[in-house]
Amino acid sequence: MLDLIILGLHFFICFLISVAIWCGPKDVDLHSSSTGKAQIEPDGLIFIGKEDDIKKSQRITAKIDGREIVVFYHKGKFHALDSRCYRKIFACVISDIDGQACIVCPWHKFKITLETGEGLYEGINPLEPSPTPKWQSKGVKQRIHKVTIDNENVYVSPPDLSVSFDSDYFADKYKNGGELAMGK
């Protein structure tokens with residue numbers, strides 16, 4: 001009897017996971033003919049999705065020339081950045097750190113601002129009489145993408161690859177089918 005209860009519980013959990021995946025945020029491949037909606041506009045902007053749809057889901061991932069980006073809607077603003085942090089992949093959790101909206105890497109706990117792509121860390125100045133931890137910048141580590149809203153459509157500007165960021169390494173590695181593409 002206990003075996004039947006465990007088996008039933010297992011199937012119920014699998015069902016819930018399937019529903020969560022099916023109802024979760026949708027990915028958009030901007031160069032796939034199967035989406036039908038995604039396109040590069042004449043002004044060079046890349047259509048991501050409808051404003052209301054992204055507001056409802058809070059985020060959407062998309063591929064631009066094989067490079068995966070994520071567009072977040074958080075506290076009334078849209079933010080777009082590479083979906084891979086400068087070490088691994090992003091979690092969906094956005095945290096407020098020192099008054100800035102940040103995404104936190106699930107493996108390394110790196111904090112990256114949505115607004116600027118800066119990496120943040122909490123450090124102390126040992127020269128202070130009683131050092132207290134303060135949030136400090138590691139500099140811009142993450143490639144961000146400009147978001148434009150026009151006629152209830154959300155667009156991003158293509159990345160300016162003439163400037164390099166730490167996140168480019170992992171974005172390119174994933175794009176080229178590296179170990180991150182297999183979830184390692």
Side-chain angles (χ1 to χ4, degrees), residues 18-97 100-106 110-119 140-178 180-183:
S18 299
V19 169
I21 291 170
W22 184 70
C23 294
K26 306 297 183 228
D27 291 343
V28 178
D29 185 346
L30 295 179
H31 290 188
S32 168
S33 58
S34 65
T35 62
K37 297 188 291 185
Q39 58 191 359
I40 297 177
E41 300 295 315
D43 57 5
L45 295 177
I46 300 164
F47 174 76
I48 298 297
K50 291 298 212 178
E51 185 177 7
D52 286 340
D53 293 340
I54 299 171
K55 283 180 177 179
K56 286 177 191 169
S57 68
Q58 301 292 303
R59 70 175 175 97
I60 188 170
T61 56
K63 286 188 181 175
I64 300 173
D65 291 329
R67 182 185 205 99
E68 193 173 271
I69 67 159
V70 62
V71 177
F72 291 100
Y73 180 74
H74 180 71
K75 293 187 178 181
K77 293 177 82 177
F78 287 93
H79 305 276
L81 53 159
D82 284 353
S83 69
R84 305 279 163 170
C85 87
Y86 58 99
R87 287 293 300 144
K88 290 280 185 179
I89 189 171
F90 277 135
C92 300
V93 178
I94 298 174
S95 299
D96 184 55
I97 298 173
Q100 299 181 73
C102 295
I103 191 117
V104 180
C105 171
F110 292 145
K111 286 109 178 118
I112 302 162
T113 66
L114 290 177
E115 197 73 36
T116 64
E118 280 182 280
V140 177
K141 300 288 187 176
Q142 190 70 28
R143 180 177 297 282
I144 59 171
H145 305 270
K146 182 179 182 223
V147 178
T148 303
I149 310 298
D150 185 34
N151 219 13
E152 298 182 7
N153 293 322
V154 177
Y155 301 90
V156 296
S157 299
D160 175 8
L161 298 177
S162 67
V163 179
S164 179
F165 297 97
D166 291 358
S167 67
D168 291 340
Y169 172 79
F170 286 95
D172 289 340
K173 188 170 184 174
Y174 176 77
K175 176 180 172 179
N176 296 326
L180 295 179
M182 298 184 292

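We're numbering straight along the sequence, starting at 1. Here the structure is a predicted model, which means the values were calculated and not measured.
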[atom1] of [X] to [atom2] of [Y]: how many Å apart, nearest 0.5 Å?
X     : Y      : atom1 : atom2 : value
Ile60 : Ser83  : CD1   : OG    : 12.5 Å
Leu45 : Thr148 : CG    : OG1   : 5.0 Å
Lys75 : Ile94  : NZ    : CD1   : 9.5 Å

Measure across [X] and [Y] and return the closest heavy-atom pair with its distance rounded to 0.1 Å.
X      : Y      : result
Pro158 : Gly44  : CD-O, 3.2 Å
Asp96  : Ala101 : OD1-N, 4.2 Å
His74  : His79  : O-NE2, 4.3 Å
Phe72  : Arg59  : CD2-CB, 3.8 Å
Ala80  : Val156 : CB-CG1, 3.8 Å
Ser95  : Val104 : OG-CG2, 3.9 Å

With the side chain counted from C-beta on, respond yes when [X] and [Y] share a heavy-atom pair under 4.5 Å apart, and no when they do not.
X      : Y      : answer
His145 : Pro159 : yes
Ser167 : Lys141 : no
Leu81  : Ile69  : no
Cys102 : Ile97  : yes

Carboxylate-amine/guanidinium proximity below 4.0 Å for Asp168 and Arg67: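 So Asp168 pairs with Arg67 through a salt bridge.
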
Distance-only donor-acceptor check, side chains Glu118 and Thr116, under 3.5 Å: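 Side-chain D/A pair, Glu118 to Thr116: present.
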
Distance-only donor-acceptor check, side chains Ser162 and Asp160, under 3.5 Å: yes

Criterion side-chain contact (heavy atoms from CB on, under 4.5 Å) against Gln142, the qualifying member of Ile103, Asp166, Leu114, Ile112: Ile112

Residue pair Arg143, Leu161: steps toward the side-chain contact (heavy atoms from CB on, under 4.5 Å) verdict: CA-CA 10 Å; Arg143 180 177 297 282; Leu161 298 177; 3.8 Å; yes

Residues in side chain to side chain contact (heavy atoms under 4.5 Å, CB included) contact with Lys55, at least two apart in sequence or another chain: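 Applying side chain to side chain contact (heavy atoms under 4.5 Å, CB included) to Lys55 gives Glu51, Asp52, Tyr73, Phe78.
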
Residues forming a side chain to side chain contact (heavy atoms under 4.5 Å, CB included) with Asn153, sequence neighbours excluded: Phe47, Lys50, Tyr155

